[in-house]
Each structure stands twice: as structure tokens, then as C-alpha cells.
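First the structure, in the form of C-alpha cells, and then the observations on it.
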Amino acid sequence: PHTTFAISYSYQDRPDYTRQMAGASFGYSWRASERLSYTFNPIAINLVKMRDVTVGFVDSLKNPYLENLYQDHFIGGATASMEFRSAQAGTQARRAHYLRVGVDIAGNLLTLLNPALNKADDRYKFLGSPYEQYAKMDISYSINQRLTPSTSIVYHAYFGIGKPYGNSKFLPLEKSFFAGGAN
């Protein structure tokens, strides 16, 4: 088993806004066998602060979902995942399978503090920002079919579902699902 502590900071400067995100996590990862591993982070937090948001940008967001994406918020919760590989990494197996199942839950412990927290716009605030409350699960499955020692075809499927509740109406941008990307 390994203990993991991670901190992160992200700064995004756009013409219409500046977004700052600080995060930290603490947890454990271990291998049950050569092919099966687990990760558990009982503490996973993110604090997102929006700065210098232009009035024109805010006015252009006519959708409540989009408005929520560009507001300060706090995420405090826990994550867990399980990974299975049919072949050991680095081997020349003709066909290899990979399965990852992840769970992310946030905001439930903070609801215990609601009587002591400030409430504005129907949301409780922690550290001056509304806290997010949701449950999320994702499953990733891949098949790597080796054709030659230097050529493979990889099939990949990904499914995820998230449910905001309690103090949240939408999943935060950092925890939302998306399609596409740089590759």
C-alpha cells in the first residue's frame, strides 16, 4: 500500500474572466494482485474562485447551467476506484482488457454543518463559497488487440453518470462529463 498526498493549483486567465482552482487530496492506493488495484481518497477538496468576470460575459449566459459553471464553489468529498488489467502492464499479450470503475461523492459531511453555515441564494456556503453536493460514478473499458509487435487496435468505451442533490442543482464544471478533447 502507498499513502498519497497531492496538492494542485490552476490559474486560467481569459478575456472574460479569471479562474483560480486550488485542490488537495489524501488517500491510499494498493495492489491486491498483479492485475487488480484500488485507490481510496477519503479527503478530496477543490476551491474554485472566479475573478474579473465581465458584465457582458455574465449577461451572455442565459442558461442556469452555464451560469453555475462560472461561479465560486467548494468541493469536499471522497473518491474511490478499482482497476483491473487482464495482462500485466508491458507484456506482449495478443489481447488485453482494462476495466476501471470510479466513484466520487461530495458535500455530504458538510450538510452536518448547515445550521452553522451562511445561506445565500438557497445554497449554504463553506469558506465563503457554495459547496457542491453530488454522487458520480464512471466506468471505463478498453480492449487492446495487438496485430503485430508494433501495431494494435484499441477499442474503448466510457460511461458515467452524476447526480447533483441537496446543496447543488448541477455538477460542477470540474466534475462534469464531456466528449472530445485534444486528441
Side-chain angles (χ1 to χ4, degrees), residues 1-10 12 19-49 65-66 68-91 93 95-113 123 126-127 129-145 152-183:
H2 300 282
T3 301
T4 305
F5 177 72
I7 58 173
S8 63
Y9 177 78
S10 175
Q12 185 179 26
R19 177 192 308 239
Q20 297 174 341
M21 186 169 82
S25 66
F26 171 79
Y28 309 96
S29 60
W30 66 97
R31 285 197 164 303
S33 69
E34 289 183 4
R35 297 181 176 155
L36 186 62
S37 62
Y38 299 95
T39 301
F40 175 58
N41 293 309
I43 299 172
I45 60 173
N46 285 309
L47 180 61
V48 177
K49 292 290 188 181
Y65 170 73
L66 294 175
N68 184 70
L69 295 180
Y70 296 99
Q71 294 179 0
D72 293 354
H73 57 274
F74 176 81
I75 302 170
T79 65
S81 67
M82 182 273 310
E83 294 182 12
F84 172 78
R85 298 175 190 276
S86 66
Q88 192 173 358
T91 63
R95 185 178 186 121
H97 300 266
Y98 170 79
L99 173 69
R100 182 190 176 281
V101 177
V103 176
D104 185 352
I105 299 172
N108 293 332
L109 289 178
L110 288 172
T111 60
L112 300 174
L113 301 175
R123 295 188 74 190
F126 181 74
L127 299 177
S129 299
Y131 70 85
E132 302 295 344
Q133 192 172 11
Y134 63 87
K136 177 182 159 184
M137 181 178 163
D138 58 270
I139 299 171
S140 177
Y141 180 68
S142 299
I143 300 172
N144 185 338
Q145 181 69 48
S152 314
I153 294 178
V154 178
Y155 306 94
H156 182 84
Y158 181 81
F159 174 78
I161 187 166
K163 174 70 175 152
Y165 57 90
N167 206 46
S168 298
K169 293 180 183 173
F170 307 100
L171 284 178
L173 176 65
E174 300 77 26
K175 301 297 182 172
S176 296
F177 297 102
F178 62 91
N183 294 326

Which atom of [X] lies closest to which atom of [Y], heavy atoms considered:
X: A78; Y: P42; answer: CB-O, 3.8 Å
X: Y158; Y: S140; answer: CD1-CB, 3.9 Å
X: G162; Y: F177; answer: N-CE1, 3.8 Å
X: Y165; Y: N108; answer: OH-OD1, 2.7 Å
X: T79; Y: A44; answer: CG2-CB, 4.3 Å
X: S129; Y: F74; answer: CB-N, 4.1 Å

Look up atom [atom1] in [X] and atom [atom2] in [Y], then write down how far apart they are to the nearest 0.5 Å.
X: N144; Y: I153; atom1: CG; atom2: CD1; answer: 10.0 Å
X: Q71; Y: L66; atom1: CD; atom2: CG; answer: 11.0 Å
X: L36; Y: R85; atom1: CG; atom2: CZ; answer: 11.0 Å
X: R19; Y: S10; atom1: CZ; atom2: OG; answer: 8.5 Å
X: S25; Y: F5; atom1: OG; atom2: CZ; answer: 7.5 Å

Inset, instruction - May I ask you to decide if N167's main-chain N or O and Q133's side chain share a donor-acceptor pair within less than 3.5 Å? - result: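 Confirmed, Q133 side chain pairs with N167 backbone.
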
Inset, instruction - Please answer whether the main-chain N or O of R35 pairs with a side-chain N or O of S33 as donor and acceptor at a distance below 3.5 Å. - result: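 Such a contact is found between S33 side chain and R35 backbone.
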
Any chance [atom1] of [X] has more than 12 other-residue heavy atoms, nucleotides or ligands included, within less than 6.0 Å?
X: I139; atom1: CD1; result: yes
X: I7; atom1: CD1; result: no
X: H2; atom1: NE2; result: no

Inset, instruction - Would you please classify the geometry between the Y28 ring and the F26 ring as parallel, tilted or perpendicular, with 30° and 60° separating the classes? - result: perpendicular

Legend entry - Parallel, tilted or perpendicular, as decided by the 30° and 60° cut-offs, for the rings of Y65 and F170: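 Perpendicular, since the angle between the ring planes exceeds 60°.
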
Inset, instruction - Using the side chain to side chain contact (heavy atoms under 4.5 Å, CB included) rule, pick out the option among D104, N46, L110, I45 that qualifies with I75. - result: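 Among the candidates, only N46 passes.
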
Legend entry - E83/R31 salt bridge by N-O under 4.0 Å criterion: no

Legend entry - Steps toward side-chain hydrogen bond (donor to acceptor under 3.5 Å, both in side chains) verdict (H156, Y98): CA-CA 9 Å; H156 182 84; Y98 170 79; over 6 Å; no

Inset, instruction - Only one of R123, K175, K163 passes salt bridge (charged side-chain N to carboxylate O under 4.0 Å, His left out) with E132; say which it is. - result: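 So the option named by the test is R123.
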
Inset, instruction - Could you list the residues that satisfy salt bridge (Lys or Arg N to Asp or Glu O under 4.0 Å) with K49, not counting sequence neighbours? - result: D72

Inset, instruction - Would you mind reporting whether V101 and F84 have side-chain heavy atoms less than 4.5 Å apart? - result: no

Legend entry - Note, F159 side chain near Y141 side chain (heavy atom, < 4.5 Å):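 Heavy-atom side-chain distance check fails, nothing below 4.5 Å.
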
